[in-house]
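Heavy-atom basis, side chains included; hydrogens, waters and symmetry copies ignored. Quick caveat: nothing in here was measured; it's all calculated off a predicted structure.
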Amino acid sequence: MSQEIDFKQIQKKWKKEWLDKKIFESSSDKRKKWFSNAAFPYVNAPLHIGHAFTYTRIDVITRFKRMQGYNAIFPFAFHATGEPIVGVAERLKKGDKNQIKILLDSGVSEKDIDKFKDPKYTARFWINQIKNDVQNLGIAIDWTRSFTTIDPEFNRFIEWQYRKLKDKGYVTKGTHPVIWCPSCESPTGDHDRLEGVGETPVEYIIFKFRLPSGEILPLATLRPETVYGVTNVWINPDIEYVITDVDKETWIMSKSCIEKLKNQLKSIKEKGTIKGEKLIGEKCINPVLENEVLILPARFVDEDNATGIVMSVPSHAPYDWIGLKDLFDLSTSKPEKLKEMNIDIEKLKEIKPIGLINLKGYSEHPAIDICNKMNIHSQLEKEKLDQATKQLYKKEFHMGILNEKCGEYKGMPVSEAKKNIIADFEKRGFISKIWEPSGKVICRCGTKCFVKILEDQWFLNFSDETWKEKARLCLRQMKIYPEQARKQFEDTIEWLQEKACARKSGLGTRLPWDQDWIVETLSDSVIYMAFYTIAQFMKEIEPGELNDEVFDYIFLGKEPKKTKLSKDLLEKMKKEFEYWYPFDIRGSAKELIPNHLTFCIFHHTAIWDDKCPNTFTVNGMLNIEGQKMSKSKGNFILLRDAIEKYGSDVVRIALMDSAEGMDDANWSEKDVFAWKNKLATIYRIFEQNYNKGTNEKTDMDIWLESRFQIHVKNITEALENMKNRSALTSFHAMLNDFQWYIKRTKDRSKSTVNNVLENMIKCLSPFAPFICEEIWHKIGKKNFISLEKWPEYDEKLIDKEILQQEDNFKKIYEDIKQVIKLSGKNNKLFLYVITDKELNYLKKSQDFFKSGLGFKQVEIFKSDDENKYDPENKAKRAKFGKPGIYIE
RNA sequence: GCAGGGGUAGCCAAGUGGUCAAAGGCGCAGGACUUAAGAUCCUGUCUCUUAGUGAGUUCCUGGGUUCGAAUCCCAGCCCCUGCACCA
């Protein structure tokens, strides 16, 4: 047995050799090309093994394609645009202890902490770390093509991209509601929230009811269709309302509404205040029906929600019904209280709920039904009321039909009428709008958020139907691995709408036509793969020379009018681009499907007519021992630590064996060790068997070569389809067959053994390149296995008959073992077979039964030879059509 | 809530109409070899039965189609992922 293999030493040696000999760097040539790439990392942290999972998958296919004879490259770049790196700097400047700890934990030394106040330093620092990790992992990168997204050359490229998009009309200016933190003065994304993850802006309709004095009472509702059933208006008597000029009208509304409306593009001027109770008992006019309704008190009216005034539709809103019922009760029990509040009791008693919506299974007044059913009696039963409201709104929206009280909308389903009503009333000036978060949102800074309408924002107009159609067409031409993911791409193309593509802060490229804005980070990383084809020339070029004409020439073939760059250089860049593009495969984790990868399709179709990406491949999440990897759980595994502990080959192969398709992978230490041992075994197999044996071939040599062809076919097919795990399963089978061959034969053909072993190690080399390179040289080869020719499947080398015979033999062998186990005997073995062929084949293996199973005597006969049956013994049980076994 | 993917033995997972009691791996149990094991090799791993066999009960749950279903159809339950100004 050989000593422990020094994986680390082997790794170091070949990493250096590969880099020194530049074997993974390449330019255009006569060969067919293969261009791989993977989503680049964001450079604010070291890589973890989840990154390694994605990158190794792409590395395996690239190495495989290279061995198949393709001119293959896998370039790599670094993503530095956006907020996080700037965030680190800002937190450090504030002396954030947590941030310091994060850096220290990531291996930064204490004296260097201050340097991270410069975002560019942060980027550079992590780029070096990441590059080293990627090299240690054995990812075969062409480093001459690397860049970062904050390089000035790259900025020029993005400017070109955005001018192209704008010229084509795909960039539009618009206003858009966002959840806004007034303290941070920025949009509050889901990840920025203390509370309210998933809440989005929703639009309330404001009905402008008029007071006799001319002021407007803005009644906010999510159900404008119920305006036909308004019986009264609710105002909270306890709140101080404000009288405010809103645009050209005068509104009465809650105080907190002012700030919201200011942020929603309304011009606001505060004029005075009025206590809610002062308005109780007044009348106002419903602009839609032009009828008078009473203003009544209700304490469930929330000051902070919309305008702080709501309309009452007791037939369809449980709160309204209960509120009204309370007042009815009061009018008999304590009429004087109502009088105190200036409420006309006669008028109050005249109020009757107005049913508007026919709903199967309910009466004319579904809200009353549901309150009765749920036994709700008081405004204080908030939980029950909320539940009832939610339930009823949903039912009515999906199943309700408006009745004759709703004028022209009679007979329409609620879901349809709603849209029409909003559009119609807007034209007629009855309504206004206000945005609110769909639920309470608290910013990380602790401030309550509201909705702000951002003006003059830049959007990528993914709603554009011609653009969508191009994207659909492109997707149809693409290969998606696994194919199950395609549906999600299709759906994403459909629902994608205007996407804000610029922000005010962070690192990045300024919008060329509007310097206030910086291209948002998901939007500046969608066609950068094209930049890989020319990035190696950037050291020869001043960024200033990279104008649109240059890019137009390289990427679109338009002759430049004026450029300082030499014709020769331009020519070279153009040639490289045209040779490599479009790329052949791009890989990432599956969560990038609904954003990045689909954007990538859109942008490619926008810039080029004929450069639709060829293939996307996505992978699942990587779990650690069945648990989601997270820093807080303490099961976060950095790539460099994993490499240090197990070695790169083991990390790679364990990852590739952990899952395929979109399944979530699992990193389990016992599986990792199993692979470490397996690699050691393979190493030993070479030591023990390579270059040993005679020159004569037996049936078993032909069998092994035949089996080998089948495995080569399977592994090749699996790799073509990005099925890394299946490929490794076939590799296992290959290894098992070799071991069976060793067990079965004493006399082996040297040429068979060598041939099979060489091909075996080639098949393994994309997965475990270091150890394979080592073995390859150990057996005397001078060239790199990484550049060797992939074994080719040759059907002619398969001897089906011998495969069949050996299959048969294995079955008999299994049966014999079974019988030995049940009978406990292994002295004499009698085999009865059907054909001469079987007879001959088995006779060659007589010794194997003796040595392998311990029989002293082995006799093999044809079973149609009746003489060989002993009528008294159990061998009679042997059936015709199947070989029979008898053991004593 | 909307959209996509999925539920197969202790665990991971292959399997899309009969050849399926269901590959492979891990784990577990027993054995061999070792001073030793995260090494290697052999055997077993739904239940009963058995000289290499036969029978019964299984592939989330409940219905259905079929001579026949893990596989097709319908309903339900559960899990994972994404949902936009965030990388």
Side-chain angles (χ1 to χ4, degrees), chain A residues 1 4 39 41-42 44 79 81-85 87 176-179 186-192 197-198 200 390 394 438 454 457-460 462 482 484-492 494-504 506 520-523 525 589-596 599 618 620-621 623 626 628 657-666 668-674 676-678 680-681 684 725-726 728-730 732-733 736 739 743 811-825 852 873-875 877-879 882-888:
Chain A
M1 201 181 104
E4 186 78 359
Y42 193 80
N44 66 339
H79 196 196
T81 42
E83 309 269 2
I85 294 180
H176 199 68
V178 294
I179 306 268
S186 71
T188 312
D190 259 349
H191 52 283
D192 290 326
V197 170
T200 54
K390 210 172 156 188
K394 203 169 148 188
S438 54
L454 283 181
Q457 259 218 304
W458 293 102
F459 291 88
L460 288 166
F462 291 132
Q484 293 146 290
R486 183 179 296 277
K487 190 90 180 57
Q488 213 181 331
F489 280 103
E490 288 170 353
D491 287 345
T492 305
E494 296 317 313
W495 68 250
L496 220 48
Q497 296 169 18
E498 286 81 356
K499 159 93 175 78
C501 64
R503 296 180 59 91
K504 295 261 179 173
E520 179 269 333
T521 72
L522 267 180
S523 308
S525 60
K590 65 180 172 188
E591 49 267 44
L592 295 191
I593 296 172
N595 45 63
H596 168 80
F599 297 169
V618 293
M621 308 267 295
N623 292 330
K628 203 171 192 168
D657 195 34
S658 64
E660 69 186 15
M662 285 210 282
D663 295 336
D664 287 346
N666 188 37
S668 143
E669 193 159 55
K670 62 173 201 275
D671 293 341
V672 177
F673 276 121
K676 190 167 187 175
N677 296 330
K678 192 67 127 189
T681 302
R684 257 199 323 276
R725 196 177 206 256
S726 302
L728 284 171
T729 303
S730 292
H732 260 121
N736 287 345
Q739 284 173 323
K743 186 170 163 182
K811 272 183 208 142
I812 294 168
Y813 179 71
E814 288 303 316
D815 283 352
I816 293 169
K817 282 199 294 188
Q818 187 71 234
V819 176
I820 291 173
K821 199 189 145 216
L822 287 164
S823 67
K825 304 174 203 165
N873 73 37
K874 289 176 181 173
R877 294 170 60 130
K879 293 174 205 147
K882 263 188 177 180
I885 299 163
Y886 174 54
I887 288 176
E888 288 186 340

Report, one pair per line, the protein and nucleotides 2-4 of chain B atoms (nitrogen or oxygen only) whose separation is under 3.5 Å.
| from | atom 1 | to | atom 2 | distance (Å) |
| --- | --- | --- | --- | --- |
| B/A3 | O3' | A/Asp491 | OD2 | 3.3 |
| B/A3 | O2' | A/Asp491 | OD2 | 3.2 |

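- Between A/Met662 and A/Gln484 there is a side-chain heavy-atom pair separated by less than 4.5 Å.
- Closest to the side chain of A/Val819, from the set B/C42, B/A87, B/A51, is B/A51.
- Checked against B/A84, B/G44, B/U40, the side chain of A/Lys499 finds its nearest nucleotide in B/A84.
- When distances are taken from the side chain of A/Gln497 to each of B/C42, B/A84, B/A51, the shortest belongs to B/A84.
- In a base pair of the Watson-Crick type (N1 to N3 plus N6-O4 or O6-N4) or a G-U wobble (N1-O2 and O6-N3), with each distance short of 3.5 Å, B/C67 is matched with B/G18.
- Comparing B/A39, B/A84, B/C86 against the side chain of A/Asn677 picks out B/A39 as the nearest.
- You'll find that the side chain of A/Arg684 is closest to B/A39, out of B/C80, B/A39, B/C42.
- Looking at the side chain of A/Thr681, the nearest of the listed nucleotides B/G82, B/G24, B/U40 is B/U40.
- In this entry the distance linking CD of A/Glu494 with C1' of B/G82 reads 17 Å, nearest Å.
- You'll find the side chain of A/Leu522 stays beyond 4.5 Å of the side chain of A/Cys501, heavy atoms only.
- Here the side chains of A/Asp664 and A/Lys590 are in contact, with some heavy-atom distance below 4.5 Å.
- Using a 4.0 Å heavy-atom distance criterion, A/Lys628 is classed as a sugar-phosphate-only contact.
- Rounded to the nearest 0.5 angstrom, A/Ile816 CD1 and A/Gln818 CD are separated by 12.0 Å.
- The aromatic rings of A/Phe462 and A/Phe599 sit parallel, their planes meeting at an angle under 30°, below the 60° perpendicular limit.
- Side-chain nitrogen and oxygen atoms of A/Thr521 include at least one within less than 4.0 Å of the OP1 or OP2 phosphate oxygen of B/A87.
- Taking the side chain as every heavy atom from C-beta outward, A/Asp657 and A/Asp671 never approach each other to under 4.5 Å.
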